[in-house]
Structure formats: C-alpha cells, structure tokens
A.B. asks: 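Mind having a look at this structure? Questions to follow.
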Amino acid sequence: MPKPSLPQGTRDFSAETIRKRNFIFSNIRKVFELYGFEPLETPAMENLETLTGKYGEEGDKLIFKILNNGLNNEKNIEKARIGFEKVLTGKSSPDITERALKYDLTIPFARYVAMNHTKLIFPFRRYQLQPVWRADRPQKGRYREFTQCDADVVGSISLMNEVELAHIYHEVFQLLGLSNYELRINSRKILAALAEACGGTDKLTDITIAIDKLDKIGIEKVKEELQQRGLNDKQISTIETYLNITGSSEEKIIQVRNLLNQSAELDAGTSDLEFVIGHTQNLNMVIDFTLARGLNYYTGTIFEAKAPPSVQMGSIGGGGRYDDLTGLFEVAGIPGVGISFGVDRIYDVMEELKLFPEDLNIGTKALFFNMGKAEAEFAFTAMQELRRQGIAAELYHEETKIAKQFQYAEKKHIPFVVIIGSKEMADNNCCVKNLATGNQEILSFDQLPAFFNKH
RNA sequence: GUAGCCAUAGCUCAGUUGGUUAGAGCAUCAGAUUGUGAUUCUGAGGGUCGUGGGUUCGAGCCCCAUUGGUUACCCCA
C-alpha cells in the first residue's frame, strides 16, 4: 500500500480553513444577493466540445480531459486505437475523451444561457460559486483545483452593469478588510484602436500579449518582444508612448485620444471608460492601458482586481464585457458582462495580512466537564437544553483529570467550560469559566442560554 | 510542457572533508497534586534518513535513475 497522497495542486480543507473560506464566501454571496443576482450551479464536467476553443490555444492545453470508459471493450478497441494516434499528434479525439472538468464558470454559464434563453428573464443576473480545474503546474497562488465566484449580467449592453460590478468589487473587498486592493480597468476597444494604429487588427493578440507583461519584464523587454512579433520601429514607438501614458484617469483618456487616430473603436472605448469612471467615485479604480486579459472572448470593458501591493500575489479577480458569448453556442445577440473573485488567492492574501477575524474558529461554545458518572449524566441533561436553544456544546467524553479537559477546550478554541461537580449538582447550578479571562461565576441553569447568547 | 532548488521523528530543523548504537526543539503519551488550565519536575514511545540502483572496507552525506514537494517561465484566479 503506497503512502496516501493528493493529486498535485489539490488540497484538503480543515475545519479552520473551511471557516475562513466560508467567511469569504458568505460575504461575496451577501453582496451578490444584495445586487439582485441569483444563484446557479453547473456540473463539474462539461462536454469537451463545449470548452475547447474558448480559452485560446494555451487554455485548451490546460483543460483536464476525462478518459472515456469502456475503451477496452472489443467493439471500441479499433476506434480507441485510431483515436489515440490522433491524441498523440496533439489533437483531441472524442473516441478517447468526450468530457472535461470545467475550466471556468463563464463558458458553462454561456452554455446554460444558450440552452435556456427562451425561459430566462433578461437581463439575467446570476452568480456562481464553484470549483474549477486547470491542468496547470501548481505554484504560489496557483492551484489545479480552485474556486471561482462569478457574477454576470447577460442581455444588457448598459454600462450601468459595469458600474454595479465595480461597486460589488469594492463592497466585497471592504467587507473582507482588503481596503487597499486596486481595480484596474481598460477596454478592449482601446486596445483594438491601438492595434489598428500599429499594423492592423490581426496584430491585436500579439500586442496585448506583449504589453500585458509590462509590469513583470519592463519596457525594454516588451519592446524586444514586440519586435520579435513582427512590429516595426514606428509601431513600437507608438506603443511605447501609449504605455507611458500617466496621470489621472481623465488625463489618461485625453492622452490616448491624442495619440491614436480618431476612430469609432477609440471613441467607443474611451467614452465607455469615461462613463464607468464618472459613476464610480472612491472605488480604488484606475485606468490601466496595459491591462489586456488573456481570455479572448472579451470585447469591451475589462477588469482586473489586484491584491494590495504589500503581498506578492497578482490578480485576485477579473472580468469583462463580451458582446456575444452565447454566439459560441449558436444563440446570437446576448451580450453580457461579468466579474470573478479568486477565493483561493484572496484567502492566501488575507492569511498573509492576518485579516481573518479571531472568532471564526469558535465552533463549540461551551465544554461541559466530565466530573464523574452521575455528574456527567446530570451535565448531559443541562447540555441538551442548551443545544435546544441553539448553543453549540460538548460534554467531555470520559471522566479524566481536569487539566486534560481544560487542554481539550483550549485546543479546540472552546471559549467557555461548564463545571458541574457534586457540589453544583447538590445546589442545582453550575460553574461557568471563561477561558480567555480566567473569570468564573456560578449560574443557575436557566441563566445559561442568556449568558451564552450575550458572549 | 521547460528549468532551478529541496526531501532526515507527527511538525521545524541540525548532522563536521564519507567513519561506531542518527540528534535537538516543539508536539504526543504516562507518572509525584483525585475540583481548575499556559509554568516547573521525571520518564517513555516514535526514523530501514522519499524510493530503487551504484561507488566504497564503510553512505544521511558521493554518482545515476525515479517519485513527491516547491519556485520560476508559458499562462492565469
């Protein structure tokens, strides 16, 4: 029997971790609900066909594919062999795999909308908190199984949706204590206008991939990469000027208008940003023209939430507007915009900054000591009454020395112990001790619920 | 997929140019006090040094392979 282990990049979650994660989830859910979003869940797996081609070439490689069952069945064996040959050339074959674990929540959502568009009430606002899987090499802040929390509005082109989503980011991060997060915003339309000015729209991807790395590799390396991607000096010079745009959001918009030739794309992109900026005061939002985002279905506004600069953790959330996501599934004309929170990274950031409230790990409120057979039975009755009142309590499972029972309570972060010995039994009361302060008092049993509700 | 680093007790680690029965702290358990807890005292258990080969009189240490972890690239939450 080999040592038990977990698949790479996956984790077990202990009680303490789950309570902290639930703290994040419940705040996100609360804000989503407050903004009128409705919950949705989709399966862990999708048909592979639903997912491939939606995340770009690199994305396709990171989809976890599920091997078909019954490949060794005689009537399948020949097909499987041919299919496998195909797989070896780097392609996928439905004879080998036709299902995959979901890679994000947006594409399955688009599939859901496409399947149900006749029944849904538009604009349709849904939120979704579920795990997703990526066959990526794990490293800091990167897992193979992680949880996304998405909110999307589909069936509306109103920029008020962007405004609301920006507010959602802000409210959630405030609730979590991440007040110095940064929300970067840009528009794919402006990037398209830049591409137009630099060799045409077919250069859009090359340009965005390169400039997205500015933070990491610096301007010189970006210029090198642009050169390798076939841009000439004049085009690179335009991009450099573009990347050097600084100032307030308003100033940045003016500068980008001056730099790029006037076009419908540019006008649309800049006025989109102006609208969103104009309706979101004091939200830690900054225009970042280098923001590009990988997923190629975005067409308008794009968002990226950055962790506070004091921690080494890039993006803790992202999103954007897509004109026609459901078009991928043969249902055209449903535009939308959405955002996502990366819970696992938010968790790591909050842990590093020690932002979790102290009292999250209190499960059991009171431990009843076991002071003997008769005492324990007496305590059990008292405890059951507390439980009926909604107060979590435990009775120490066996009679043992006091020190050990105290230690158990301490280790489990139980804040109070209730001692019922022969004396208390005789007086029909109990001794309640606060472990944090060391204070203890004698209470009658009918005082207990009120006491614990107060503390 | 590519590259670097790491692997010794439950945890964090030490282990000299290769040399006897491989150590420490914390944790665990048991005992001097049978109704009051971190402290102190005494003692105990626990490792075929990730795995498999090789070099050597001799390997935790050197070489090769392999597995796992980790960090970075690509990409991303």
Side-chain angles (χ1 to χ4, degrees), chain A residues 2-11 24 28 55-63 90 102-106 129-150 169 181 205 208-210 212-213 215-217 221 225 291-296 303-307 312-320 338-349 367 369-372 375 396 399-412 414-426 430-440 442:
Chain A
K3 273 186 205 159
S5 65
L6 285 170
Q8 204 179 32
T10 67
R11 298 151 297 161
I24 301 173
I28 291 174
Y55 308 108
E57 207 176 310
E58 286 302 314
D60 279 358
K61 290 183 194 161
L62 301 181
I63 294 170
K102 66 174 176 248
Y103 178 90
D104 74 352
L105 302 180
T106 308
L129 278 51
Q130 286 195 274
V132 300
W133 294 268
R134 294 188 188 175
D136 216 343
R137 203 52 79 83
Q139 51 183 275
K140 184 178 169 147
R142 178 176 301 184
Y143 306 97
R144 287 186 145 180
E145 176 182 65
F146 63 99
T147 304
Q148 292 192 322
C149 301
D150 279 28
Y169 268 131
Y181 79 98
T205 311
T208 54
I209 288 175
D212 202 30
K213 296 179 190 167
D215 266 0
K216 204 175 275 177
I217 63 177
K221 293 270 181 196
E225 182 154 348
L291 178 63
R293 304 227 11 106
L295 301 171
N296 42 16
F303 293 111
E304 189 156 299
K306 292 275 199 186
Q312 282 278 324
M313 180 77 68
S315 169
I316 53 174
I339 57 169
S340 179
F341 287 89
V343 175
D344 304 81
R345 286 189 178 175
I346 291 172
Y347 179 100
D348 291 344
V349 169
L367 177 71
F369 274 12
N370 191 322
M371 309 297 291
E375 290 89 339
Y396 197 82
E399 183 184 0
T400 185
K401 54 184 183 184
I402 298 290
K404 203 167 169 181
Q405 304 195 38
F406 270 118
Q407 278 163 18
Y408 176 81
E410 263 191 351
K411 279 186 211 155
K412 285 195 69 178
I414 298 172
F416 294 96
V417 300
V418 179
I419 304 168
I420 304 171
S422 49
K423 199 168 62 195
E424 287 81 4
M425 254 176 91
C430 59
C431 174
V432 180
K433 180 160 184 169
N434 181 329
L435 292 193
T437 64
N439 295 336
Q440 62 182 49
I442 303 292

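The figures here come from the full heavy-atom set of this structure, side chains too, leaving out hydrogens, waters and symmetry mates. Quick note on labels: first sequence line is chain A, next is B, and so on, each numbered from 1.
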A.B. asks: Looking at B:A77 and A:F146: do their rings stack (centroid distance under 5.5 Å, interplanar angle under 30°)?
C.D. replies: yes
A.B. asks: Whole-Å distance between B:A77 C1' and A:I316 CD1?
C.D. replies: 10 Å
A.B. asks: Under 4.0 Å: is that the gap between some side-chain N or O of A:K404 and OP1 or OP2 of B:G35?
C.D. replies: no
A.B. asks: Classify the nucleic acid contact of A:Y143 as base, sugar-phosphate or nothing, counting any heavy atom under 4.0 Å across all strands shown.
C.D. replies: base
A.B. asks: May I ask you to decide if the ring planes of A:Y103 and A:Y55 are parallel, tilted or perpendicular, using 30° and 60° as cut-offs?
C.D. replies: tilted
A.B. asks: With a 4.0 Å cut-off on heavy atoms, is A:E424 in touch with a base, just the backbone sugar-phosphate, or nothing at all?
C.D. replies: base
A.B. asks: Quick check for you: among B:A77, B:C75, B:G37, whose closest atom lies nearest to any side-chain atom of A:F406?
C.D. replies: B:G37
A.B. asks: Can you tell me which stems RNA chain B forms when a stem means 3 or more consecutive Watson-Crick or G-U pairs under 3.5 Å?
C.D. replies: B:1-7 with B:67-73, B:10-13 with B:23-26, B:28-31 with B:41-44, B:50-54 with B:62-66
A.B. asks: Report yes if at least one side-chain N or O of A:K401 is closer than 4.0 Å to OP1 or OP2 of B:A32; otherwise report no.
C.D. replies: no
A.B. asks: With RNA chain B as reference, determine whether A:I402 or A:E58 sits nearer its 5' end, using the nearest nucleotide of each.
C.D. replies: A:I402
A.B. asks: Starting at CD1 of A:I63 and ending at P of B:C76, how long is that distance when rounded to a whole Å?
C.D. replies: 13 Å
A.B. asks: Give me the atom names and distance for the closest heavy-atom approach of A:F369 to A:I419.
C.D. replies: CD2-CG1, 3.8 Å
A.B. asks: Determine whether any donor atom in the side chain of A:K433 lies under 3.5 Å from an acceptor atom in the base of B:G37, or the reverse, and answer yes or no.
C.D. replies: yes
A.B. asks: Does any donor-acceptor pair link the side chain of A:Q405 with the base of B:U36 at a separation under 3.5 Å?
C.D. replies: no
A.B. asks: How would you label the contact of A:G141 with the nucleic acid (heavy atoms, under 4.0 Å): base, sugar-phosphate, or nothing?
C.D. replies: base
A.B. asks: If you only use heavy atoms from C-beta on, which nucleotide in B:G35, B:G37, B:C75 is closest to the side chain of A:D136?
C.D. replies: B:C75
A.B. asks: As a test of reading the structure: which of B:A77, B:G37, B:A30 is closest to the side chain of A:R142, going by heavy atoms?
C.D. replies: B:A77
A.B. asks: Does B:C74 have OP1 or OP2 sitting under 4.0 Å from an N or O in the side chain of A:K61?
C.D. replies: no
A.B. asks: Nearest nucleotide by nearest heavy atom, which residue falls closer to the 5' end of RNA chain B, A:G59 or A:G421?
C.D. replies: A:G421
A.B. asks: What's the closest nucleotide to the side chain of A:R137 if the choices are B:C75, B:A77, B:C73?
C.D. replies: B:C73
A.B. asks: Can you check the distance between B:U48 and B:G1, where both ends of the measurement are the P atom (answer in whole Å)?
C.D. replies: 32 Å
A.B. asks: Taking NZ from A:K213 and C1' from B:C73, how many angstroms apart are they, rounded to a whole number?
C.D. replies: 9 Å
A.B. asks: Mind listing the N/O atom pairs, protein and nucleotides 38-46 of chain B, below 3.5 Å?
C.D. replies:
none

